[in-house]
Amino acid sequence: PKIYAMEHGFVPLPSILQSNWVLSSHMLFLAAIVLKNSALANLVNFTFSLFLTAAIFSFGHRFFSRQVGVLASAIFATLPIVSIFSASAHSDLPLAFFAFIAFYAFAVWVSEGKFLWLAFSAFMVGIAASTKMTGLLLIPMMGALLLSIGSDRCAAATRSCLCFHELFISKRAWKNVKLAAANLGA
């Protein structure tokens with residue numbers, strides 16, 4: 001993001017492998033870099049720690065009890081590593097937030113059975129993977145969770161994902177390819 005700020009836009013950086021990665025949380029810090037305000041970048045990270053603490057409370061409250069939610073979020077918020085990372089601009093707290101929300105949505109899908117929660121979980125896995133390279137580990141982890149819940153639900157989820165892909169993604173992609181080809185010819 002620093003190079004993008006210096007160049008006033010996105011430029012190819014073939015010598016930096018990570019520049020080909022989306023780096024979604026790093027792009028949130030880009031505004032702070034442009035404004036030359038490190039406190040703003042720290043505030044973005046601190047906000048992620050607040051959201052993650054609230055999500056931990058919500059998970060504990062939803063699946064156990066209010067007391068469990070309070071205790072779990074208090075333990076998380078008082079961890080020294082959380083305090084250290086909350087006060088500086090790193091991509092670890094955004095990754096933890098997106099990963100936890102992916103797991104939370106998956107747990108809600110398992111308990112309620114609504115496909116929208118599984119789709120949201122998959123979306124959050126993608127956001128986590130775009131945040132940091134270690135976020136890619138969530139893909140096999142969530143896949144293993146999906147396989148562990150039983151073959152009937154796993155098969156139903158797979159069919160739903162394939163139908164969603166066929167109805168919305170592949171047809172839209174084909175239309176975009178045809179539109180791009182038409183614009184290139186014009």
Flag side-chain contact, heavy atom, 4.5 Å: Val108 against Lys114: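 With C-beta onward as the side chain, the pair stays apart.
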Decide yes or no for Ser86 and Leu93: does some side-chain heavy atom of the first lie under 4.5 Å from some side-chain heavy atom of the second? yes
Are Leu50 and Phe57 connected into the same hydrophobic cluster when the rule is that any two of I, L, V, M, F, W, Y join if their side-chain heavy atoms are below 4.5 Å apart? no
Phe103 with Phe123, same ILVMFWY side-chain cluster at under 4.5 Å: yes
If you look at every heavy atom in [X] and [Y], which pair is closest and at what distance?
X	Y	answer
His90	Asn45	O-OD1, 2.9 Å
Ser88	Asn42	CA-OD1, 3.3 Å
Arg66	His61	CA-ND1, 3.2 Å
Met142	Ala102	CE-O, 3.5 Å
Thr131	Ser91	CG2-O, 3.8 Å

For the CD1 atom of Ile84 and the CD1 atom of Ile81, what is their distance to the nearest 0.5 Å?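 That separation rounds to 5.0 Å.
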To the nearest 0.5 Å, what is the distance between CG (Leu118) and CD (Glu112)? 13.0 Å
Should we count CG of Leu116 as having more than 12 external heavy atoms under 6.0 Å? no
For the CZ atom on Phe100, are there more than 12 heavy atoms of other groups (residues, nucleotides or ligands in this structure) within a distance under 6.0 Å?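 Yes, CZ of Phe100 has more than 12 neighbouring heavy atoms, counting only those of other groups under 6.0 Å.
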Aromatic ring pairing Phe106/Trp109, orientation class (parallel under 30°, perpendicular over 60°, tilted between):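 Plane angle between 30° and 60°, so tilted.
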Do the rings of Phe97 and Phe51 sit parallel, tilted or perpendicular, given the 30° and 60° boundaries?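 Tilted: the ring planes of Phe97 and Phe51 meet at 30° to 60°.
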Any donor-acceptor N/O pair, Ser58 side chain to Ala55 backbone, under 3.5 Å: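 No.
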Check residues 67-77 and write down every donor-acceptor pair under 3.5 Å in which the side-chain atom is one partner and the other belongs to a residue at least two apart or another chain.
{"from": "Gln67", "atom 1": "OE1", "to": "Ser65", "atom 2": "OG", "distance (Å)": "3.4"}
{"from": "Ser73", "atom 1": "OG", "to": "Gly69", "atom 2": "O", "distance (Å)": "2.9"}
{"from": "Ser73", "atom 1": "OG", "to": "Val70", "atom 2": "O", "distance (Å)": "3.1"}

Is there a side-chain hydrogen bond (donor to acceptor under 3.5 Å, both in side chains) between Ser121 and Tyr104? Walk through the geometry before answering. CA-CA 8 Å; Ser121 174; Tyr104 189 168; over 6 Å; no
If hydrophobic residues (ILVMFWY) are linked whenever their side-chain heavy atoms come closer than 4.5 Å, directly or via other members, who joins Leu95 in its cluster?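 Members alongside Leu95: none; it stands by itself.
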Aromatic contact between Phe98 and Phe48, with the criterion being ring centroids under 6.0 Å apart: yes or no? yes
